[in-house]
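As structure tokens, the structure follows; a few thoughts come after it.
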Amino acid sequence: MKECNFAGQMEKVSRFIFLISLLIICGKAYSDPKIFPGEGEDFSLFEENGKIGLKNQQGQVLIPAQYEAVGWSNGKFSLIGHVTGYRVDGHWGLINISNNRITKPQYLDRSPGEGDLIVARKKIPGSVRVVAGCINTAGKEIIPFEYDGLHLSSFRAIVYVKNGSRFRHGLIDFDNKVLIPLAYQNIFPLGSLRFGVENFANKIAIFSEDGRQITGFDIDRLSEFRKNFAIVYQDGLQGMIDREGEIKIKPIYRELKIGDDGTITARLPDEWVALTGANERLRSTRADSVTCLGSDLLKIEINGIIRLAQPDLKPIGVTDYSAIGPFINRRAVATINNLAGIINDRGETLIKPVYNELIIDKNAM
């Protein structure tokens, strides 16, 4: 028969209870942890006397509560390796979870990029200009601070600088080598190592990740590549293009969808017909809707693009709008790329679309 060591078991229980009591007493030496949105599962931010610090899951203080903030400029906390950010006097630096400051608090803001890279902005000494660049978690400058802004994508950086009243975008690699010149209105990733490049005529071309131009600037809009294909928009209609810029489906459809299994579904747009009083056919057009704006003016909309037309559906002008307000004294607010201008009922631009908002005073016209 196995002998039961009751005394020994009681001694172990007593030690266990003592250990729990000790942890509770030690825990009370710190303020109760304040939980912040987006923090990691193994760490928690806490606050003491209006300052922020960091604890591990066991309640051990890793970074004392002596900073205005710990984490990133967007208010979230995360680690890149063992590194995060801290803020002192309104400026950010890098710190590790051993409370060793990697950089001085010299940045206006910082945000995680790709891998061990961090996008940051700082003010040029003796100047009011704020510039963006990129550092790694060791504080080493990877992309020099000479741009007005940048965005990391697929081991490339989309950068832009202000030139006059315009921002000009380009593409560089992490050695600051220019792959696409800083000469375009916008650049955006398409997936599959492809980028969309928009010129100042609001037309888009496809470029490769090494800066090779694949298509001409003849695309109105473009989706990301999926199953090696992207949906292109031309004249309000949709088609399909492959990674090498070859048109696989001509843009004649109202809607195209690429399924998870690679199958493609398509829908033709509605056809609208202008008829005379004697039921004679004058002209037809593909559109989602046709609206009367007046006795001699129509608004035609397809895939979010708006155009003006005569009663026989003949287009007025060549400009595509994203919105047209009501005509007041034969004038209306027209929006292009979220900027407002004024047009007349002949499609002529009276005020260029460069304003965030315009209001027509009907009593002054």
Side-chain angles (χ1 to χ4, degrees), residues 114 150-160 167-175 177-272 284-288 300-307 315 317-322 336-338:
E114 294 186 350
L150 66 87
H151 168 70
L152 301 183
S153 176
S154 302
F155 300 101
R156 299 289 185 265
I158 299 170
V159 296
Y160 59 87
F167 286 101
R168 298 183 178 273
H169 293 72
L171 186 73
I172 64 172
D173 62 18
F174 289 170
D175 293 322
K177 177 184 176 183
V178 175
L179 303 174
I180 299 176
L182 279 76
Y184 297 99
Q185 180 169 239
N186 191 22
I187 296 179
F188 50 92
L190 298 172
S192 302
L193 303 178
R194 294 293 185 264
F195 291 87
V197 179
E198 183 180 4
N199 64 19
F200 286 97
N202 302 318
K203 293 293 184 178
I204 298 169
I206 299 174
F207 281 67
S208 68
E209 77 284 0
D210 58 2
R212 175 172 58 93
Q213 185 172 343
I214 296 173
T215 71
F217 285 92
D218 52 10
I219 300 170
D220 295 327
R221 284 188 291 157
L222 185 67
S223 74
E224 289 191 1
F225 279 92
R226 185 179 182 189
K227 303 290 184 181
N228 292 321
F229 295 98
I231 295 173
V232 294
Y233 297 73
Q234 290 180 334
D235 295 326
L237 297 173
Q238 298 181 15
M240 190 167 293
I241 197 169
D242 67 11
R243 285 168 41 84
E244 296 307 316
E246 183 178 347
I247 295 290
K248 294 299 183 180
I249 299 177
K250 291 182 178 180
I252 60 173
Y253 294 95
R254 167 64 180 85
E255 185 178 16
L256 284 173
K257 290 184 178 180
I258 305 173
D260 293 334
D261 59 354
T263 58
I264 299 167
T265 57
R267 178 166 70 92
L268 286 168
D270 296 334
E271 183 178 22
W272 295 74
S284 66
T285 188
R286 300 280 187 181
D288 296 330
I300 298 176
E301 183 170 0
I302 182 168
N303 268 333
I305 294 175
I306 297 174
R307 293 169 179 161
V318 295
T319 305
D320 294 337
Y321 305 97
S322 53
I336 301 176
N337 294 330
N338 296 318

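Index from 1, following the sequence. All values reported here derive from a predicted model rather than from experimental measurement.
- For the pairing with Ile206, the side chain to side chain contact (heavy atoms under 4.5 Å, CB included) check across Thr215, Asp242, Val197 returns one residue only, Thr215.
- Closest non-hydrogen pair, Glu114 versus Phe174, comes out as OE1-CZ, 4.5 Å.
- Taking 4.0 Å as the cut-off between side-chain N and carboxylate O, Lys203 and Asp220 count as a salt-bridged pair.
- Looking only at distances, no side-chain donor or acceptor of Gln185 sits under 3.5 Å from a matching main-chain atom of Ala201.
- A 4.5 Å side-chain heavy-atom check between Glu209 and Arg194 finds at least one atom pair inside the cut-off.
- No side-chain donor-acceptor contact under 3.5 Å links Asp288 to the backbone of Asp270.
- A heavy-atom distance below 4.5 Å is not found between the side chains of Leu171 and Tyr184.
- In this structure a side-chain-to-backbone donor-acceptor pair under 3.5 Å is missing from Ser154 to Leu193.
- Within the 4.5 Å cutoff, the side chain of Tyr160 has no heavy atoms near those of the Asn186 side chain.
- Distance check: Asn303 CG to Arg286 CZ gives 13.0 Å after rounding to the nearest 0.5 Å.
- Atom CG in Leu179 sits 13.0 Å away from atom CZ in Arg212 (nearest 0.5 Å).
- Annotation for Leu268 and Ile252: closest pair CD2-O, 3.6 Å, computed over non-hydrogen atoms.
- Nearest heavy atom pair, residue Ile306 against residue Ser322, reads CD1-O, 3.6 Å.
- Side-chain contact between Arg267 and Tyr253: absent, with no pair of heavy atoms (C-beta onward) separated by less than 4.5 Å.
- Closest non-hydrogen pair, Ala287 versus Ile300, comes out as CB-CG2, 3.6 Å.
- Atom NZ of Lys227 and atom CD1 of Ile258 lie 10.0 Å apart (nearest 0.5 Å).
- A 4.5 Å side-chain heavy-atom check between Glu224 and Phe188 finds every atom pair outside the cut-off.
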What pairs of donor and acceptor atoms, side-chain ones from residues 229-241 against any protein atom, are under 3.5 angstrom apart with sequence neighbours left out?
| from | atom 1 | to | atom 2 | distance (Å) |
| --- | --- | --- | --- | --- |
| Gln234 | NE2 | Asp218 | O | 2.8 |
| Gln238 | OE1 | Leu256 | N | 2.8 |
| Gln238 | NE2 | Arg254 | O | 3.4 |

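- The nearest pair of heavy atoms linking Leu190 to Ser223 is CD2-O, 3.6 Å.
- Atoms NE2 and CZ, from His169 and Phe195 in turn, are 13.0 Å apart once rounded to the nearest 0.5 Å.
- If you take CZ on Arg168 and CG on Leu182, they are separated by 9.5 Å, rounding to the nearest 0.5 Å.
- Heavy-atom contacts from other residues, nucleotides or ligands closer than 6.0 Å to CZ of Phe200 number more than 12.
- Residues Ile214 and Ser208 form a side-chain contact, since some pair of their non-hydrogen atoms from C-beta on lies under 4.5 Å apart.
- Ser284 pairs by the side chain to side chain contact (heavy atoms under 4.5 Å, CB included) definition with Glu271, Val273, Arg281, not counting sequence neighbours.
- Taking Ile305 as the reference, Arg307, Asp320 meet the side chain to side chain contact (heavy atoms under 4.5 Å, CB included) condition, with sequence neighbours excluded.
- Rounding to the nearest 0.5 Å places OG1 of Thr319 at 5.5 Å from CD1 of Ile336.
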